[in-house]
Novice: 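Below is one structure. I have some questions about it.
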Amino acid sequence: MRFFNTMTRRLEEFREIEKGKIGLYTCGPTVYDFPHIGNYRSYVFEDLVKRFFTFSGYRVRHVMNITDIDDKTIRKANELGLPLAEVTQKFIDAFHSDLGILNILPADVYPRATAHIPEMLDLVSVLLEKGFAYEKDGSVYFSIERFGDYGRLANIDRDKLQLGAAIDSDEYEKESIQDFVLWKGKKPGEPSWPAPFGAGRPGWHIECSAMSMKYLGAHFDIHMGGVDNIFPHHENEIAQSECANGQTFVNYWLHCQHLVVDNKKMSKSLGNFYTLADLRQRGVDPMALRYLLISTHYRKLLNFTFANLEMAGQALNRIKNFVFSLKNVENAGEAAPEIAVLIASNRNDFTENMADDFNISGALGILFDFIHEINQKMSELSKKDAAAVLTYLEGLDTVLGVLRDNDSGPLAAAVEEKIAQREKARKNKDFARADAIRSELMDLGIMLLDTPTGVKWKKE
RNA sequence: GGCGGCGUAGCCAAGUGGUAAGGCAGCGCUCUGCAAAAGCGCUAUUCAUCGGUUCAAAUCCGGUCGCCGCCUCCA
């Protein structure tokens, strides 16, 4: 198993700290609005990685933070004239609901920033004691010149940091303009917590250091996020954590490239900004979206277009149709050894591709090769063979997570009844009536398939 | 200015020294009362471009063109 470590900018063989176990921290949402599909590219990729590790036999402990206190959440609460907690809860609920819709497995812990103020204060105190931080006008800042490795993750030369205009608008006083805030002194109209160095609220980066430390320890295996987090967020986390703990913070950094829409950065002003709810309103199948989001390698820009989403849906249909065919195999007979061999060899190839920097395109290619090979033998397949293939596919889908079954049981009886009526009409050559029934079911999203072994149906 | 990425068929996309995976779309066929769906088959002498290294290059080196990201809001 190897993948690209942002820290070393190289493909590295993965070595876990504790045998068979992985501590994984992924940057979660800032809950001031509904997440957009760009956010979900990251979350879905993280899910894919986690699922593949689990598939490979690791026990993954996954922590994802929820940022429920920062400039944006405060602004939103003020805009709406509602308490901060009420506003953030609404978006937290929406977030969890979206995760379910996209078949993203839940993290083990979703720590919230506001529930970890004491841990953050402790960390800030340690940084002050050790001389890596300083107080100024009620705020506490991290002094980056005290940390020699600063800029290593982002490959940034500290002296060459080009400072943007945004800095000047910051009203806080810092010794060096590049220093970042650990604790923001209280301001009117903002929530605050008491602290030894004066009431205030946490800076953005400190929560991830404090909470990852609490739930995964001072040194853990993998930290993930979007590429935009590399600098300054993750760089600052490293500075805080390593200075406080005096040891390596994280062994492997995995960053997901952004998603663009029609080759342009998503933005509300361009009208190319989509939430999951937006897409569902347009009738988009969440599993097609998931397929699209995982099917481009994580270090490449993903261009979201409705045409690409359509293609993803069709590719997914190919897999689903394959499953459908397998479920309808009825031949008696023993399991053929050649099928078992095909499965074993395909599983090996699929795993090899995924283990090579999560080469999903290669892995999916391997899966489609397999589908093709089995399809060619479909008519000779025994029920036992089909069952073995289905079990194999279920295993792969614990990694891909795109084959969620949405057959609804109560529907079945009614559909069967309609099919029987249509078959009767067909026998009597009353094709007008037969077609009317077919069309009626089609309107309900039920597709009929007249096969040599009888009529099959599936929900579109 | 600094750091980094990308350019492979109509579209999406693997492959990073040994002679172009896979998906979508298209075309042909099978099946069918007809459809639809599905399956099968076909579809890049060629990898932005120019030059170099090599027995061998999409893959390595250099130049050129084009596109894009990050540089303290950001997944």
Side-chain angles (χ1 to χ4, degrees), chain A residues 9 26-30 32 35-46 70-72 75 144 151 154-157 159-167 170 177-181 204-205 224-233 235-236 255-260 263-267 291-292 295-297 299-303 305 307-319 321-322 324-325 328 349 353 356 359-372 375-376 378-379 426-427 429-432 434-435 438-439 442 447-452 456-458 460:
Chain A
R9 290 178 288 283
T26 62
C27 277
T30 300
Y32 70 104
H36 53 68
I37 54 174
N39 298 118
Y40 285 121
R41 184 195 184 182
S42 289
Y43 302 144
V44 165
F45 169 61
E46 288 156 4
D70 81 321
D71 294 353
K72 283 174 295 194
R75 195 190 315 135
I144 64 166
N155 195 25
I156 282 174
D157 185 339
D159 301 328
K160 287 184 183 156
L161 272 179
Q162 186 172 314
L163 301 163
I167 298 291
D170 196 325
I177 203 150
Q178 295 159 5
D179 291 347
F180 59 92
V181 67
W204 172 34
H205 317 292
M224 298 179 71
V227 286
D228 53 283
N229 280 151
I230 296 172
F231 194 86
H233 186 51
E235 195 67 61
N236 291 351
H255 290 99
C256 184
Q257 184 51 265
H258 277 177
L259 168 154
V260 291
N263 280 313
K264 292 195 189 76
K265 191 169 172 169
M266 246 192 315
S267 75
Y291 185 95
L292 176 65
S295 62
T296 293
H297 187 82
R299 286 193 284 125
K300 290 193 96 170
L301 211 55
L302 167 62
N303 185 24
T305 64
N308 288 346
L309 186 56
E310 173 70 23
M311 287 197 286
Q314 286 304 111
L316 181 55
N317 273 341
R318 186 167 164 81
I319 304 174
N321 287 327
F322 180 57
F324 180 79
S325 301
N328 285 296
D349 292 347
N353 273 275
D356 184 12
N359 183 356
I360 186 71
S361 305
L364 288 172
I366 296 294
L367 169 58
F368 284 111
D369 284 341
F370 179 76
I371 290 175
H372 179 64
N375 267 332
Q376 285 177 313
M378 193 62 83
S379 60
R426 289 178 77 201
K427 279 220 173 71
K429 307 266 188 224
D430 183 1
F431 297 122
D435 290 353
R438 180 166 68 194
S439 148
M442 195 61 178
M447 180 174 290
L448 295 189
L449 306 158
D450 297 337
T451 75
K456 316 285 188 200
W457 65 277
K458 63 182 173 185
E460 275 296 272

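Chain naming here is simple, since letters A, B, ... match the order of the sequence lines and numbering starts at 1 in each.
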Novice: Going by the angle between their ring planes, with limits at 30° and 60°, are W204(A) and H233(A) parallel, tilted or perpendicular?
Specialist: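 It falls in the parallel class, under 30°.
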Novice: Could you let me know what C24(B) is paired to, Watson-Crick or G-U wobble, both distances under 3.5 Å, or none if it's on its own?
Specialist: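 C24(B) is paired with G10(B).
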Novice: Under 4.0 Å, heavy atoms only, any strand: does Q376(A) hit a base, just the sugar-phosphate, or nothing?
Specialist: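 Result for Q376(A) = sugar-phosphate.
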Novice: Between K429(A) and D228(A), which is nearer to the 5' end of RNA chain B once each is assigned its nearest nucleotide?
Specialist: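 That would be K429(A).
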Novice: Can you tell me if the side-chain N/O atoms of R318(A) get under 4.0 Å from OP1 or OP2 in G39(B)?
Specialist: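 Yes, within the criterion.
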Novice: Quiz question: by atom type and distance under 3.5 Å, do the side chains of H372(A) and N375(A) form a donor-acceptor pair?
Specialist: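 Note: H372(A) and N375(A) side chains miss the donor-acceptor criterion.
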Novice: With respect to the side chain of N229(A), which nucleotide from A75(B), C70(B), G22(B) is positioned closest?
Specialist: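 Nearest to the side-chain atoms of N229(A), counting from C-beta on, is A75(B).
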Novice: Report all interatomic pairs (protein N or O, nucleotide N or O of nucleotides 8-16 of chain B) with separations under 3.5 Å.
Specialist:
| from | atom 1 | to | atom 2 | distance (Å) |
| --- | --- | --- | --- | --- |
| A13(B) | O2' | S361(A) | OG | 3.3 |
| A14(B) | OP2 | K300(A) | NZ | 3.0 |
| A14(B) | O5' | S361(A) | OG | 3.4 |
| A14(B) | O3' | N359(A) | ND2 | 3.2 |
| G15(B) | OP1 | N359(A) | ND2 | 3.2 |

Novice: Please work out if R9(A) contacts a base, only the sugar-phosphate, or nothing of the nucleic acid, heavy-atom cut-off 4.0 Å.
Specialist: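 No contact.
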Novice: Quote, to the nearest angstrom, the P distance that separates C73(B) from C24(B).
Specialist: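 One P to the other, the span is 43 Å.
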Novice: Phosphate oxygens OP1/OP2 of A25(B): is one of them under 4.0 Å from a side-chain N or O of Q314(A)?
Specialist: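 Answer is yes, contact under 4.0 Å.
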Novice: To the nearest angstrom, how far is D71(A) atom CG from C74(B) atom C1'?
Specialist: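 Interatomic distance, CG of D71(A) to C1' of C74(B): 13 Å.
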Novice: Report which part of the nucleic acid L448(A) touches: base, sugar-phosphate, or nothing (heavy-atom distance under 4.0 Å, all strands).
Specialist: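 Base contact.
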Novice: Determine the contact category for G225(A): base if any of its heavy atoms lies under 4.0 Å from a base atom, sugar-phosphate if only primed atoms, P, OP1 or OP2 are that close, otherwise nothing.
Specialist: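 Result for G225(A) = sugar-phosphate.
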Novice: Mark yes or no for whether R41(A), through its side chain, and V260(A), through its backbone, hold a donor-acceptor pair below 3.5 Å.
Specialist: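 Checked: no pair found.
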Novice: Scan L367(A) against the nucleic acid and name what it touches under 4.0 Å (heavy atoms): base, sugar-phosphate only, or nothing.
Specialist: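 Nothing: the residue L367(A), judged by heavy atoms under 4.0 Å, touches no strand.
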Novice: Students often get this wrong, so: under 4.0 angstrom with heavy atoms, is F368(A) touching a base, only sugar-phosphate, or nothing?
Specialist: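 Result for F368(A) = sugar-phosphate.
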Novice: Looking at A21(B), I'd like to know if its phosphate oxygens (OP1 or OP2) sit under 4.0 Å from a side-chain N or O belonging to H372(A).
Specialist: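 So the side chain of H372(A) is outside the cut-off, no N or O lying under 4.0 Å from OP1 or OP2 of A21(B).
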Novice: Minimum heavy-atom separation for N229(A) to C27(A), with atom names?
Specialist: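 Answer, listing the atom of N229(A) first, then C27(A): OD1-CB, 3.9 Å.
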